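Side chains included, hydrogens not; waters and symmetry mates left out as well; all remaining heavy atoms used. What you see is a predicted model; the values in this text were computed from it and never measured.
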Amino acid sequence: MRLLTCKEATRLASQGLDRKLGFGERLSLRVHLAVCGGCAAVARDMAFLRKAIAKLGENT
Amino acid sequence: MDDFRSGVEQQRPYLLRYASVQLRDRDAAEDAVQETLLAALANPAAFGGRSNLRTWLTGILKHKIVDHLRRAGRESPLAGEEDTDDFDALFDARGHWRDAPVAWADPDASLEQRQFFAALEDCLARLPAKTARTFLMREHLGCGTDEICKELGVTPTHCWVLLYRARMALRECLQTHWFGR
């Protein structure tokens with residue numbers, strides 16, 4: 001397992017919304033998000049954007 | 001048939017809003033919706049009552065929007081946007097946050113506020129055209145990476161970079177103009 005930088009972790013969190021991450025990628029990301037509050041917040045917010053866009057059509 | 005026709009017509013305002021989000025152009029959205037309604041009315045048997053009418057029409061509209069994007073891409077290809085840095089300023093030389101982002105307090109509550117969506121649209125409008133188009137094809141139309149790559153003529157890796165840039169830029173923008181006010 002590779003230790004990720006925050007920049008790599010945010011990229012991987014984004015890609016996780018668009019493709020199936022490999023086992024090693026998932027593990028590295030999970031470990032990083034467990035110890036990095038900033039990246040965990042960004043990963044949550046990226047997922048929130050998906051919800052917001054889904055509702056945008058009703059509120060545009 | 002008249003019931004079907006009036007049911008289809010009743011969906012026009014919703015479909016227009018849906019198309020406007022992606023196309024950002026009233027005339028183009030009107031065209032896409034008109035083509036959708038004509039296609040639906042030309043073949044009502046295809047609906048057959050097997051799903052929600054709005055869902056069925058939205059499915060047709062998605063194809064019309066993608067057709068429009070394909071035509072628009074041929075007529076005026078979008079700039080490459082290759083020179084955008086990937087938010088380097090947010091990270092130090094080792095790739096860690098200079099200032100760690102703070103978690104948004106109860107973001108779901110924002111989904112009940114119309115002003116939030118105005119802020120979101122402002123932030124979408126600030127994105128570079130190709131980045132915005134890629135992001136909305138993914139998140140609004142629900143296209144897969146393969147389809148986006150094919151329609152926009154980009155590699156999967158480039159597509160993921162564009163989506164990353166869009167999400168990071170939108171997060172920064174919403175932090176400034178909504179959550180961090």
> Taking everything shown except B/Arg94 itself, do over 12 heavy atoms lie less than 6.0 Å from its CZ?
Replying inline: no

>> Report which part of B/Leu120 has an atom under 4.5 Å of a heavy atom belonging to chain A: side chain, backbone, both, or neither.
In response: side chain

> If you draw a 6.0 Å radius around CZ in A/Arg19, do more than 12 non-hydrogen atoms from other residues or ligands fall strictly inside?
Replying inline: yes

>> Does the plane of the ring in A/Phe48 sit parallel, tilted or perpendicular to the ring in B/Trp104? Use 30° and 60° as the thresholds.
In response: perpendicular

>> Quick check: closest heavy atoms across A/Ala41 and B/Ala103, and the distance to 0.1 Å?
In response: CB-CA, 3.8 Å

>> So for B/Leu174, is it side chain, backbone, both, or neither that comes closer than 4.5 Å to the heavy atoms of chain A?
In response: side chain

> With a 4.5 angstrom heavy-atom cut-off, which part of A/Arg44 approaches chain B: side chain, backbone, both or neither?
Replying inline: side chain

>> As an exercise: rank B/Ala100, B/Pro107, B/Pro13 by heavy-atom pairs under 4.5 Å with chain A and give me the winner.
In response: B/Pro107

> Can you say whether B/Glu112 sits under 4.5 Å from chain A via the side chain, the backbone, both, or neither, judging by heavy atoms?
Replying inline: side chain

>> What I want to find out is whether B/Asp88 reaches A/Lys7 closely enough, with some N-O distance under 4.0 Å, to be called a salt bridge.
In response: yes

> Checking heavy atoms, do the side chain of B/Arg138, its backbone, both or neither come under 4.5 Å from chain A?
Replying inline: side chain

>> Can you confirm whether more than 12 heavy atoms, excluding those of B/Asp106, are under 6.0 Å from its CG atom?
In response: yes

>> Please report the interatomic distance CZ(A/Arg50) to NE2(B/His140), rounded to the nearest 0.5 Å.
In response: 14.0 Å

> Given A/Thr10 and B/Trp97, is the side-chain contact (heavy atoms from CB on, under 4.5 Å) satisfied, shown in steps?
Replying inline: CA-CA 11 Å; A/Thr10 54; B/Trp97 297 108; 3.5 Å; yes

>> So which residue, B/Leu163, B/Ile148, B/Leu170, ends up with the most heavy-atom pairs under 4.5 Å with chain A?
In response: B/Leu163

> What part of B/Asp92 is in contact with chain A, defined as an atom under 4.5 angstrom from a non-hydrogen atom: side chain, backbone, both or neither?
Replying inline: neither

